[in-house]
Amino acid sequence: MRPAGAGPSSLVGVRTGQATLPFRIRPARSSGYTDVDTSTLTAPTRTIAGPVPAVLTMAPGTKVSATINGATVDGTLAGFDYQGRPVLTDQHGARRVAASHDNLRVQQAGSSSPLPSVLASLPAGAVVGPPAILLQALDAALDTKVVGTHAAREYTDAFTARGFEVFIVGGGVRDAIATLTQNPNATVTELLALLNDVDIVTTAPPPVAREICEQVAPELSGGGVWSPKFVEQFGVVLAGGKKAGLPQSDGLDIATMKHSGMFGEQQHHADTNEKSFPTTFGFDIANDAAARDFCCNALYYDPRLKVVVDPTLQGIADAEHRLLHPTHVDLKAEEATVSARFWKFRLRGFSTDGESLQAIRQHAQVVFSTSTGRDRWRLQNTLGRTAPKDATSPAAVEAWLKDLRRVMHEDHCADLFDRALRGGVRQGVVSEVLKRTQKGANATTPPTTTTTATTTTTTNGGGV
């Protein structure tokens, strides 16, 4: 491997079936980034007209009390649920949900100081000023038309005006950084071509995100939002694009920053008397990054502060060296797409180290299990969601499966493929891929079916 800052690793595209990987590779990022002092960073000033929900004006960890099911509950503010209702951590460490903001009471004297930025709690080196050419490209990406004639900048400006932090996140940031490393003389136009798919993450609750879409694009039905209300349980609002009947724009994925509980299953909660996912949203960008798949995909651009955010401290370097490190090695079955996406990026020339490959194999042993009907459904659904978008014929899907087995063989995981992808399961995978790719190619109107839990959770996966 080359020294840090000397360009891409010589391990790029290495065939692990033919060479022994070092167990742990952690390169440093290049010298083109400057550290930013985060200690004094504050969130935008909340300027919401009319009454401001209490949960949105308090810093996380504020001592509060609320009346829940007729009893007074003391605790600390952890964030909010998918409806924007306050979430408390009570004295026993339990997650409690208040029915509304109205009965939330602050136990300690409040401060008139501005809310701290979600970046303020990150370690040194996690927030950096990017090279000038990269900054120009990232800023120019905000002018991408995302919902009809409306540009991404209109949405980021609207979130900021309402007092919420908002970031561009995902594959475009990763690929622009990688390209600049490969070609230090790349132009803004060349980098901008990699930033045409703009996803954002924000501290605003999903209902507020929906309101902002309607505010920005009042001429569109529902502000161009096509995702059903159910999707908001995952903190996601989807606007524009072909599924909204707007083929001239790419669409905008708006995800609310996740704090905890992002990999739990639906459960009945006595406080709300409803079945929902136990996800708490709000104030923690480090946990939001940990909910993404790989460090290189957990990169954020803050258009207000003009900084790149690397909460794992490894994302920029991994993008520069085209390396894959999971954001955490204790991968869970609920994160079903991580191992499939790992081989998706390996097919694009990304490399890894032995430690990461070990974690991926352990995860894939679960995901590629076909012991039960639920297991088979999960595998078919997972591969359906990670297949190439242009695999729109049975022959194209089979060609992709051949490539997938090849790269899994290189990583000593072909046994998992061979055991799982046969007979009816393989036919099910082909059918699932075609259902998705052909629907995506032909979509011109909003969908009428209910989005499933497994389908939607990938929105926070970290880009293409």
Exercise for the section: Take Val338 and Val367 through the side chain to side chain contact (heavy atoms under 4.5 Å, CB included) test and state the conclusion after the steps. Expected result: CA-CA 9 Å; Val338 174; Val367 176; over 6 Å; no
Practice task
Given side chain to side chain contact (heavy atoms under 4.5 Å, CB included), test Leu324 with Asp318 step by step and report yes or no.
Solution key: CA-CA 7 Å; Leu324 296 173; Asp318 281 3; over 6 Å; no
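Under the 3.5 Å distance criterion, the side-chain polar atoms of Lys242 are left unmatched by any main-chain donor or acceptor of Gly251. Ser65 contributes no side-chain N or O that, together with a main-chain N or O of Asp74, makes up a donor-acceptor pair within less than 3.5 Å. Listed for the Asp310 side chain is a donor-acceptor partner under 3.5 Å among the backbone atoms of Gly315.
Residues Ile316 and Tyr33 are in side-chain contact: their nearest non-hydrogen atoms beyond the backbone lie under 4.5 Å apart. In this structure, the side chains of Thr312 and Arg292 stay at 4.5 Å or more apart for every pair of heavy atoms. The side-chain heavy atoms of Thr42 and Ser117, taken from C-beta on, include no pair separated by under 4.5 Å. Put simply, the side chain of Ile254 reaches to within 4.5 Å of the side chain of Phe159, judged on heavy atoms.
Residues Ser356 and Asp353 bring a donor and an acceptor atom of their side chains to less than 3.5 Å of each other. Of the N and O atoms on the side chains of Asp288 and Tyr300, at least one donor lies less than 3.5 Å from an acceptor on the other residue. No hydrogens or angles considered: nothing links the side chains of Arg85 and Thr272 as a donor-acceptor pair under 3.5 Å.
In this pair, Phe234 and Phe277 present their aromatic rings tilted. The plane angle is within the 30 to 60° band. Ring pair Phe80/Phe281 is parallel by interplanar angle, where below 30° counts as parallel and above 60° as perpendicular.
With rounding to the nearest 0.5 Å, the separation of OG1 in Thr279 from OH in Tyr82 is 11.0 Å. For the atom pair Glu154 CD and Ile212 CD1, the distance stands at 12.5 Å (nearest 0.5 Å). Note that NE2 of His259 and CZ of Arg95 are 10.0 Å apart. Values are rounded to the nearest 0.5 Å. To the nearest 0.5 Å, the span separating CZ on Arg385 from NZ on Lys344 amounts to 11.0 Å. Separating the CG atom in Leu195 from the CG atom in Asp175 is a distance of 8.0 Å, to the nearest 0.5 Å. Note that CG of Leu142 is 7.5 Å distant from OG1 of Thr144, once rounded to the nearest 0.5 Å.
The pair Arg29-Glu320 does not meet the salt-bridge criterion, since no charged nitrogen lies less than 4.0 angstrom from a carboxylate oxygen.
Partners of Glu214 by salt bridge (charged side-chain N to carboxylate O under 4.0 Å, His left out), not counting sequence neighbours: none found.
Enclosure of atom NZ in Lys306 by more than 12 non-hydrogen atoms of other residues, nucleotides or ligands within 6.0 angstrom is indicated.
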